[in-house]
Amino acid sequence: MSSSLRPETFPAPLHELAAKVRDGERLDEADALVCLTTPHILHLGRLADFVRRRLHGDLTYYNINRHINPTNICVYTYNCKFCGFAALEGEDHAWQMSHEEVYEHAAQQGGDRVTEFHIVGGLHPDLSLEWYLEMLRGLKQRFPSVHLKAFTAIEVGWFARLEKISIEEVLVRMREAGLGSLPGGGAEIFHPEVRQIICDGKLDSDEWIEVHRVAHGLGIRSNATMLYGHVEKPEHKVDHLLRLRDLQDEAGGFNAFIPLAYHPENNYMGLKYHTTGSEDLRHLAASRLVLDNFSHIKAYWVMITPQLAQIALSFGANDIDGTVVEETIYHMAGAETEQRLTRLELERIVREAGFTPVQRDTLYNPLATNEPAPVAG
Ligand code: V47
């Protein structure tokens, strides 16, 4: 174990935490609370960077992906108060793509060779599981080499209810139709005190966890998220992170964790504040330190800006998501970031932050890229 980290160089309240990090010891609940509350953000970042470098050196992963949102019509439109994306049928901003429109959307060129479609949407009251299976089959037929990362646990749970079949059955049918893995959305904050306020009536945390447990049991990998920066308290986030860590110990199928910063526009929450840069960096660093069994911590540039994502690479993050091309969920909630970055732009961002970019597939296998990466200047 490297001893280049010297706890005595940290502020006194972080000595014990620093010693545990140096020794590779698992952090407990009290340590996690320290991570989520300490005012010493830069020191927390140093600790997270130590772990990140121990695991990945200076490698930073990205992929070439497209987001596809087949519909934003959602039965939980008024339940999920934080969501600026969902709409009820008939509302002006509601949409539902046909299969052909999904395929056209998928074919949109961002200039790079896409390796992943990230597909999520609202819970449409009338679209059957078969409609979605047909969509997966159609995508696979047209784009056989592209990985389909599709459907949050909320959608999987919804299909199980709608069709009166088990979660396992839904996932098995999806995999037969071409599903590759599950994205991490819908987790929000697991604690019922928060869920009652921000998404009352939506799939509860036990069910979110169950969907991912079943997926992992079937060999389907997935991501996990946490939505912060609204009404939650640090204790709720400790609970959230520890539940994810427990599930990863048990089932082991998570690829990456993505802390998601709450965006306040166009929703019913009645909160007007954006998260600050330090808050965003804290959540990335805290998750790197607490989630010791997650290999990858993702700084989602769409959410925190490419500029902050560069800094995040020194606060524990080792992944910056992908090229995206067209993002809806965050932009309908007020995000003003670009909707697309090219591969070369992503590589430049990573290099200029002092890290080495690695193009990956969805499952984190490195991919060989042909073109040379751009350099500064
Ligand atoms: O579950 C919705 C969040 C999530 C807002 O798995 C909001 O690789 C902030 O999960 N402010 C969907 N957040 C996005 C998501 C995701 C993103 C990137 C990569 C991956 C992955 C997953 O977005 C939702 C919800 O937690 N969200 N509305 C809002 N107003």
Side-chain angles (χ1 to χ4, degrees), residues 61-63 65-69 72 74 76-77 79-87 115-123 147-157 180-190 194-195 198-199 202-203 205 208 211-212 215 220-232 240 244 253-275 279-280 283 294 296-304 309 317 319-325 327-337 339 360-364:
Y61 294 92
Y62 71 92
N63 76 348
N65 61 352
R66 301 273 176 284
H67 282 207
I68 306 175
N69 306 118
N72 68 339
C74 186
Y76 286 153
T77 296
N79 296 73
C80 293
K81 295 195 174 61
F82 57 84
C83 183
F85 163 82
T115 66
E116 171 191 290
F117 293 138
H118 176 153
I119 310 166
V120 293
L123 308 184
H147 181 106
L148 305 181
K149 185 178 81 181
F151 309 121
T152 65
I154 308 301
E155 293 170 273
V156 173
S181 63
L182 301 180
E188 322 315 356
I189 291 282
F190 289 147
V194 177
R195 252 182 142 70
I198 69 168
C199 54
K202 165 160 145 171
L203 195 78
S205 51
W208 189 98
V211 169
H212 286 261
I220 299 172
R221 297 189 71 89
S222 68
N223 289 339
T225 57
M226 176 175 78
L227 181 67
Y228 65 89
H230 43 90
V231 300
E232 86 288 358
H240 191 95
L244 287 176
F254 285 122
N255 280 332
F257 176 73
I258 310 128
L260 294 171
Y262 170 66
H263 281 48
E265 269 96 54
N266 300 324
N267 65 28
Y268 305 103
M269 285 275 278
L271 300 171
K272 57 178 190 277
Y273 294 110
H274 285 267
T275 58
E279 252 186 285
D280 296 332
H283 286 87
F294 278 64
H296 306 290
I297 303 291
K298 188 187 282 191
Y300 184 36
W301 64 264
V302 171
M303 177 191 75
I304 56 169
D319 187 294
I320 52 167
D321 199 69
T323 45
V324 178
V325 179
E327 200 281 338
T328 321
I329 297 177
Y330 273 86
H331 285 84
M332 288 180 79
E336 290 175 358
T337 48
Q339 297 211 19
R360 61 165 175 85
D361 66 12
T362 306
L363 304 177
Y364 287 85

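Both ligands and their constituent atoms are indexed starting at 1 by order of listing. Because the structure is predicted, anything quoted here is derived from the model rather than measured.
At under 3.5 Å, not a single nitrogen or oxygen of His67, backbone or side chain, sits near a nitrogen or oxygen of ligand 1. For ligand 1, none of its N or O atoms has an N or O atom of Ala187 under 3.5 Å away. At under 3.5 Å, not a single nitrogen or oxygen of His118, backbone or side chain, sits near a nitrogen or oxygen of ligand 1. For the pair Gly186 and ligand 1, the shortest N or O to N or O distance falls below 3.5 Å. Not a single N or O atom of Cys83, backbone or side chain, sits closer than 3.5 Å to an N or O atom of ligand 1.
Below 4.0 Å from some heavy atom of Tyr262 lie the following atoms of ligand 1, by number and element: 9 (C), 11 (N). Within ligand 1, the atoms closer than 4.0 Å to a non-hydrogen atom of Asn223 are 6 (O), 8 (O), 21 (C), numbered from 1 in the order shown. Heavy-atom proximity to Gly185, at under 4.0 Å, picks out these atoms of ligand 1: 1 (O), 10 (O). Against a heavy-atom cut-off of under 4.0 Å, Lys149 is close to the following atoms of ligand 1: 6 (O), 8 (O), 21 (C). Close contacts of ligand 1 with Ile258, meaning ligand atoms under 4.0 Å from a residue heavy atom, involve 6 (O), 8 (O), 20 (C), 21 (C). Counting atoms of ligand 1 from 1 in the listed order, those under 4.0 Å from a heavy atom of Thr225 are 10 (O). Annotation for ligand 1: atoms under 4.0 Å from non-hydrogen atoms of Ala333 are 29 (C), 30 (N).
Aromatic pair His212/Phe254: centroids less than 6.0 angstrom apart.
Between Tyr300 and His67, the two ring planes are parallel [angle under 30°; tilted spans 30° to 60°]. Between Phe190 and His240, the angle of the ring planes stays under 30°, which puts this pair in the parallel group of the 30/60° scheme. His296 and Tyr61 have perpendicular rings, their planes meeting at more than 60° on a 0 to 90° scale where under 30° would count as parallel.
When all heavy atoms of Ala309 and Trp301 are compared, the closest pair comes out as CB-CB, 3.9 Å. His230 approaches Met269 most closely through the heavy-atom pair CB-CE, 3.5 Å.
Remark: side-chain polar atoms of Asn65 are paired, donor with acceptor, to backbone N or O of Val324 under 3.5 angstrom.
Nearest protein neighbour of atom 11 (N) of ligand 1, counting heavy atoms only, is His263 N, 2.8 Å. Nearest non-hydrogen protein atom to atom 6 (O) of ligand 1 is Gly184 N, 2.8 Å. From the protein, the heavy atom lying nearest to atom 13 (N) of ligand 1 is Tyr330 OH, 2.8 Å. For atom 25 (C) of ligand 1, the nearest protein heavy atom (residue, atom name, distance) is Glu188 OE1, 3.3 Å.
Look at Glu188 and Lys202 and you find a salt bridge, because one of the NZ, NE, NH1 or NH2 atoms lies within 4.0 Å of a carboxylate O, short of that distance.
Within the 4.5 Å cutoff, the side chain of Thr323 has heavy atoms near those of the Arg66 side chain. Using a 4.5 Å cut-off on side-chain heavy atoms (C-beta onward), Asn223 and Leu182 make no contact.
Assignment of Glu265 to the shell around ligand 1 is not supported, since no heavy atom sits closer than 4.0 Å. For the pair Thr152 and ligand 1, no heavy-atom separation below 4.0 Å is found. The closest approach between a heavy atom of Met332 and any atom of ligand 1 is not below 4.0 Å.
Of the inter-residue distances, the one linking Glu336 atom CD with His331 atom NE2 reads 8.5 Å to the nearest 0.5 angstrom. Here CD of Glu155 is found 10.0 Å from CD1 of Ile119. Values are rounded to the nearest 0.5 Å.
Looking at Thr328, Asp319, Leu260, Leu227 and measuring to atom 23 (O) of ligand 1, the nearest heavy atom belongs to Leu260. Taking all heavy atoms of Gly229, Pro264, Pro183, Ala261 into account, the minimum distance to atom 9 (C) of ligand 1 is reached by Ala261.
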